[in-house]
Amino acid sequence: MILYRELREAILSAGPRPDTLAGGALAPAILAELKEEPHLATLLQEIREEARRAVSEPVPPLSFADFSRFDAAGTRREYEQPYFERRGRLLALALAVLLDDADAGVYVEALENIIWDICGEYAWAIPAHLPDMRGMAPEGAVAPNRTVDLFAAETAHALAETLYLLGDRLHPWVASRIREEVERRVFRPLFERSTHFLWEAVTNNWAAVCGGAAGMAALLLIDDPVRLAGVQHRIVSAMESFLAGYGEDGCCPEGAGYWNYGFGYFVYWAEMLRDYTGGAVDLLQRDKIRRIAAFPAAVSLSGSLCVNYSDCQPAMIANTGLISRLCDRLGVSPPEMTAVPSFHADHCYRWPHQLRNLLWTNPKRMNVRSADRNWYFPSTAWLIAKRSAPGGLLAFSAKGGHNHEAHNHNDLGHFIVHAGGETLLADLGGGVYTREYFGEERYSFLHNGSQGHSVPLVNGLPQAPGERHRAAVVEVEAGQRVRVEPEAGRGAADTPVAPVVFELDLTAAYPEEAGLGAFFRRFEWRCDPTRGHAGLTLTDLFEFSGTGSAEDENSVTEHFISEYEPVVGAGEAVWRGERGMVSLRFDPARFRAAAEAIDTHRHDGSPMKVYLLRLHAERLPRQFECSFAIDCRLTS
């Protein structure tokens, strides 16, 4: 990305720390303009409401009983809810001091108290990320309360930026405490040891979030430019690991939510480093970065909905500041954004999202409809086809890949169908994070195992986890005049009725015990937006490897997953939303249909009811082919 020599020279040549880093640009005149912007009115109101609540209510306690709950029961919410509420108060109070001088005095006192309490926490890392105290600590490990995880790094950055913006308004003891605790809990464990944290070498969001947050804190607090140069070079190394997790086509295998998280922190840090060095270091000016920046527009569906594979949630919280900055700087197209996110949209209350939403949001980038295009990402074997019709969007997506991806689900051959603002054949997204969710029981959870996706059980067995269980792409045809480009993963617009073909060899997705000699899944999608109609033909071809008679004891159970209840009739199932409907025709002589309502929970813990359609066929011949006609229509 950049050599240490070049980075050191840029930092040493920069001179004193600029007073315009991040929110430092909030001069009185700019603040006055922001407070009059219509697109920010709701967010500003929410900030003030939360600040008033923080003044009137006591700081939520962090008890040892809640701290130890993860160790005892594997649950996280008991401790994390008050932990993140404290960060929300820090954010609201600091922003309220900036926004409302008239009330700053009462806000400052509450702000100093919350800072003091945060600085007094046993650890800034959450219990789920701390070492198991029953086991032996690895050689060279830091003390548990100096573990630098996502949230320790985020806390360091939030406090550093608070001090940077409000330093002369905070009591000197509070300012000193911030510097002392950030140094002790983050800088020394991270930058003054030869042993690296594991996240510095991972290829997922951890490298970017931990690195970006710690790197920004260093830019704001470390005064020695020589030390700062070494610190930033360590961050550069972690960012190279992070970016290696993206293909050259820019696809984020963790999904849009983790794109927002990981790539967001990369951009926040890179832009602060650029400002610090007066533009001498600009890490956004790479073709791969530009393609990563374009990813949200590819997966954007209607409103906030998105193509949401892995642990990504169905609704994408597009941080309008981040998206606007990337559009303005790199010329990429935005996803569909209808409003600046609520103050409470991020339950972790991450500092840079909200402040950059205030500072960077360009209202011209909002309410822009996503382009009608086909996208194919070779690095992950994701295909996405979208067409706008008078009644809304018609979209289809399917995926290959392998079953050891970041935030992996066993979902090879899974697909999504979207009509008029509703994803009627869906991906459930991530479930509630617990110890078991990331442990050996991960694929027993409906959200993660192939049993919770629109893929079949073969002889009663789901797909198996692991990188060797993968899909091989047999054919990709993204429509007339659309060229699949391995480097860019992009294509030109198709004609209204151009077919999309995607075929996968899924033989290796299943364990040997499933008795598969071969399994091919073929999708053919045809869309006619002028009629508000699209058709998907899904064809599965199975060859069983077991011995036996012509009518062997083989079985297939096809699964189709939705948040909409299907109406099942003779040879047909229909999912009907408010603005669209999907019907699936099957052979009733071969398949026995049954629909099941399943109660589960979304990632945030709220209840969720999903519907699983099972089509079971048994006593199958050695070679078995089945085809399903899936019609997708706009109804309003």
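Looking only at distances, no side-chain donor or acceptor of Glu78 sits under 3.5 Å from a matching main-chain atom of Arg69. In this structure a side-chain-to-backbone donor-acceptor pair under 3.5 Å is present from Trp199 to Val148. Between the Glu336 side chain and the Gly303 main chain, a donor and an acceptor come within less than 3.5 Å of each other. No donor-acceptor pair under 3.5 Å is formed between the side chain of Lys386 and the backbone N or O of Trp375. At least one donor-acceptor pair closer than 3.5 Å links the side chain of Asn459 to the backbone N or O of Ala514. Here the side chain of Arg373 pairs no donor or acceptor atom with the backbone of Ala298 at under 3.5 angstrom. Ser304 places no side-chain N or O within donor-acceptor distance of the main-chain N or O of Ile317, the cut-off being under 3.5 Å. A donor-acceptor contact shorter than 3.5 Å is absent between the side chain of Arg614 and the backbone of His559. At distances below 3.5 Å, not a single donor-acceptor pair connects side-chain atoms of Glu475 with backbone N or O atoms of Val473. A donor-acceptor pair is defined here as one N or O able to donate and one able to accept, closer than 3.5 Å; no such pair exists between the side chain of Ser300 and the backbone of Pro335.
Comment: Arg619 engages Glu553 in a salt bridge, judged by a side-chain N to carboxylate O separation of less than 4.0 angstrom. Lys609 has no carboxylate O lying under 4.0 Å from a charged side-chain N of Glu565, or vice versa, which leaves the two without a salt bridge. Electrostatic pairing of Asp528 and Arg387 does not count as a salt bridge here, judged by no charged N lying under 4.0 Å from a carboxylate O. By the 4.0 Å N-to-carboxylate-O rule, Glu558 lies close enough to Arg521 to be salt-bridged with it. One finds a salt bridge joining Glu563 and Arg602 here, because a Lys/Arg side-chain nitrogen approaches an Asp/Glu carboxylate oxygen to under 4.0 Å.
For Arg291 and Tyr246, the positive end is not near the middle of the six-membered ring at less than 6.0 Å and at most 45° from its axis.
Summarising the geometry of Met316 relative to Cys306, their closest heavy-atom pair is CB-SG, 3.8 Å, with the distance given to 0.1 Å. Between Trp382 and Phe295 the shortest heavy-atom distance is CZ3-CZ, 3.7 Å. Across all their heavy atoms, Asn403 and Ala509 have their closest contact at ND2-O, 4.2 Å. Between Tyr437 and Gly431, the shortest heavy-atom distance links the atoms OH-N, 3.0 Å. Contact detail for Met1 and Leu243: the closest heavy-atom pair is CE-CD1, 3.4 Å. Of all heavy-atom pairs between Ala125 and Asp149, the closest is CA-OD1, 3.2 Å.
Around CD of Glu596, the count of heavy atoms belonging to other residues, nucleotides or ligands within 6.0 Å exceeds 12. Heavy-atom contacts from other residues, nucleotides or ligands closer than 6.0 Å to NE2 of His601 number more than 12. No more than 12 heavy-atom neighbours from other residues, nucleotides or ligands sit within 6.0 angstrom of CZ on Arg576.
A salt bridge (charged side-chain N to carboxylate O under 4.0 Å, His left out) check over residues 460-471, counting only residues at least two apart or in different chains, returns the pairs Glu467-Arg470. Here salt bridge (charged side-chain N to carboxylate O under 4.0 Å, His left out) pairs that include residues 410-430, with residues two or more places apart or in two chains, are Lys399-Asp411.
Applying the side-chain hydrogen bond (donor to acceptor under 3.5 Å, both in side chains) criterion to Thr147, with sequence neighbours excluded, gives no partner residue. Partners of Phe415 under the ring pair (Phe, Tyr, Trp, His ring centres under 6.0 Å) rule, at least two apart in sequence or in another chain, are Phe523. In this view, Ser555 satisfies the side-chain hydrogen bond (donor to acceptor under 3.5 Å, both in side chains) rule with no residue, not counting sequence neighbours. Take Phe70 and apply the ring pair (Phe, Tyr, Trp, His ring centres under 6.0 Å) test, not counting sequence neighbours, and it matches no residue.
Looking at Phe445 and Val432, their side chains never come closer than 4.5 Å, going by heavy atoms from C-beta outward. A 4.5 Å side-chain heavy-atom check between Leu504 and Leu412 finds every atom pair outside the cut-off. Residues His447 and Met608 meet the side-chain proximity criterion, which asks for heavy atoms closer than 4.5 Å. A 4.5 Å side-chain heavy-atom check between Asp631 and Arg585 finds at least one atom pair inside the cut-off. Within the 4.5 Å cutoff, the side chain of Phe519 has no heavy atoms near those of the Val455 side chain. Between Ile384 and Ile416 the shortest side-chain heavy-atom distance does not fall below 4.5 Å. Side-chain contact between Phe396 and Ile630 is absent, with no heavy atoms from C-beta onward closer than 4.5 Å. Annotation: side chain of Asn410 is not in contact with side chain of Gln451 (no heavy-atom distance under 4.5 Å).
The aromatic ring centres of Phe84 and Phe151 sit less than 6.0 Å apart. In this structure, Phe560 has its ring center under 6.0 Å from that of Phe628. Ring pair His469/Tyr510: centre-to-centre distance not below 6.0 Å.
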Worked verdict on Trp575 versus Leu584 for side-chain contact (heavy atoms from CB on, under 4.5 Å) = CA-CA 9 Å; Trp575 296 265; Leu584 179 149; 3.7 Å; yes
Could you walk me through whether Glu477 and Tyr376 pass the side-chain contact (heavy atoms from CB on, under 4.5 Å) check?
-> CA-CA 9 Å; Glu477 174 55 58; Tyr376 178 64; over 6 Å; no
Begin with the C-alpha distance, continue with both residues' side-chain angles, and end with the deciding distance and a verdict on side-chain contact (heavy atoms from CB on, under 4.5 Å) for Asp311 and His603.
-> CA-CA 9 Å; Asp311 274 336; His603 175 61; over 6 Å; no
Yes or no on side chain to side chain donor-acceptor pair (under 3.5 Å) for Tyr309 and Ser397, after CA distance, side-chain angles and deciding distance?
-> CA-CA 10 Å; Tyr309 301 129; Ser397 178; 2.7 Å; yes
Just do the side chain to side chain donor-acceptor pair (under 3.5 Å) check on Asn408 and Tyr443 with the steps written out, would you?
-> CA-CA 9 Å; Asn408 182 69; Tyr443 298 106; 2.8 Å; yes
Could you give me the CA-CA distance, side-chain angles and deciding distance for Glu80 and Tyr433, then say whether side-chain contact (heavy atoms from CB on, under 4.5 Å) is met?
-> CA-CA 11 Å; Glu80 291 180 18; Tyr433 287 1; over 6 Å; no
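Summarising the geometry, atom NE2 belonging to His453 is positioned 6.5 Å from atom CG belonging to Leu428; distances are rounded to the nearest 0.5 Å. The structure places CG of Leu198 at 11.0 Å from SG of Cys210, a figure rounded to the nearest 0.5 Å. Taken to the nearest 0.5 Å, the CG atom of Leu305 stands 5.0 Å off from the OG1 atom of Thr423. The distance from the CD atom of Glu440 to the CZ atom of Arg435 is 12.0 Å, given to the nearest 0.5 Å.
Screening Asn204, Thr203, Asn205 for a side chain to side chain donor-acceptor pair (under 3.5 Å) involving Glu254 leaves a single residue, Asn205.
The aromatic rings of Tyr261 and Tyr265 lie perpendicular to each other, with more than 60° between the two planes, well past the 30° mark.
Side chains of Ser310 and Tyr258: no donor on one and acceptor on the other come within 3.5 Å.
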